[in-house]
Amino acid sequence: MNDKDRRSMPLFGIGIVMKLTELTARQIRYYEENDLIHPERTKGNQRLFSFNDVDRLLEIKNYLDKGLNLAGIKLLLTDEDSNVEKTEEKEKALPKEKKSVLTDKELRAILRQEITEANRFGKANLRQGELARFFVNR
DNA sequence: TTTCTTACA
DNA sequence: TGTAAGAA
């Protein structure tokens, strides 16, 4: 078994994850409702989180502190898992004339950097609304 | 005891 | 987001 499998293995109950992330059960469930995380379930319908899920919750927590809302965070995290390959394939499939200057992946990387930077000054400039628009209108 | 869903001050 | 209620 490799690391990739290990990280995605459903292992922790919500109680453990609460301690690990310092998030309330309410918050964790709410983030799931908004498709930011997709923990597995036991036969008894109990949530089971993987290392990846925990890391993701930690990232979500960080972005929240930086002033982003769930919609914005979702845009930034959506391609970081299974979708990343798809996105790259899709971009490769495009005829080079129609390729945008920046790939989705690069765009998100830049955005992450901007947010981190804005955070140094005072997270007042780059806000959620702008972030969402940035993606929708690109 | 812990977690789940649903609903609401 | 917190919290309550009833079920699992």
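Just so it is clear, the model here is predicted, and its values are computed rather than measured. In what follows, every chain begins at residue 1, and chains take the letters A, B, ... in the order their sequences are listed.
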State which residues pass side chain to side chain donor-acceptor pair (under 3.5 Å) with T21(A); sequence neighbours excluded, sorted by chain then number.
none
Output all residues satisfying ring-ring contact (aromatic ring centres under 6.0 Å, His included) with Y30(A), sequence neighbours left out; order by chain, then residue number.
none
With R47(A), which residues qualify under salt bridge (charged side-chain N to carboxylate O under 4.0 Å, His left out), at least two apart?
E32(A)
At what distance, to the nearest 0.5 angstrom, does CZ of R6(A) lie from CG of L11(A)?
11.0 Å
Separation of N52(A) CG from D55(A) CG (nearest 0.5 Å)
6.0 Å
Distance from Y63(A) atom OH to L58(A) atom CG, nearest 0.5 Å?
12.0 Å
Where does the chain A footprint on DNA chain C start and end, counting 5' to 3' with a 4.0 Å heavy-atom cut-off?
dT1(C) to dT3(C)
Where along residues 43-51 of chain A does a heavy atom come under 4.0 Å from DNA chain B, residue by residue in number order?
N45(A), Q46(A), R47(A)
Partners of D35(A) by side chain to side chain contact (heavy atoms under 4.5 Å, CB included), sequence neighbours excluded?
H38(A), K74(A)
With Q27(A) via side chain to side chain contact (heavy atoms under 4.5 Å, CB included) - residues at least two apart:
L23(A), T24(A), Y31(A)
Side chain N2(A), main chain K4(A), donor-acceptor under 3.5 Å
yes
For D5(A), the salt bridge (charged side-chain N to carboxylate O under 4.0 Å, His left out) test, sequence neighbours excluded, returns none
Quick check for you: name the first and last nucleotides of DNA chain B, 5' to 3', having an atom under 4.0 Å from a heavy atom of chain A.
dT3(B) to dT5(B)
Can you confirm whether L77(A) sits close enough to I37(A) that some side-chain heavy atom of one is under 4.5 Å from a side-chain heavy atom of the other?
no
Look up atom CG in L36(A) and atom CG in L70(A), then write down how far apart they are to the nearest 0.5 Å.
5.5 Å
R41(A) side chain to L48(A) backbone, donor-acceptor under 3.5 Å:
no
With sequence neighbours left out, write down each residue that passes salt bridge (charged side-chain N to carboxylate O under 4.0 Å, His left out) with R26(A), or none if nothing qualifies.
none
For DNA chain B, what are the stems built from at least three Watson-Crick or G-U pairs in a row, each pair having both distances below 3.5 Å?
B:2-8 with C:2-8
For S50(A), does its backbone N or O pair with a side-chain atom of D53(A) as donor and acceptor, under 3.5 Å?
yes
Listed in order of residue number, which residues of residues 9-30 of chain A have a non-hydrogen atom at under 4.0 Å from DNA chain C?
T24(A), R26(A), Q27(A)
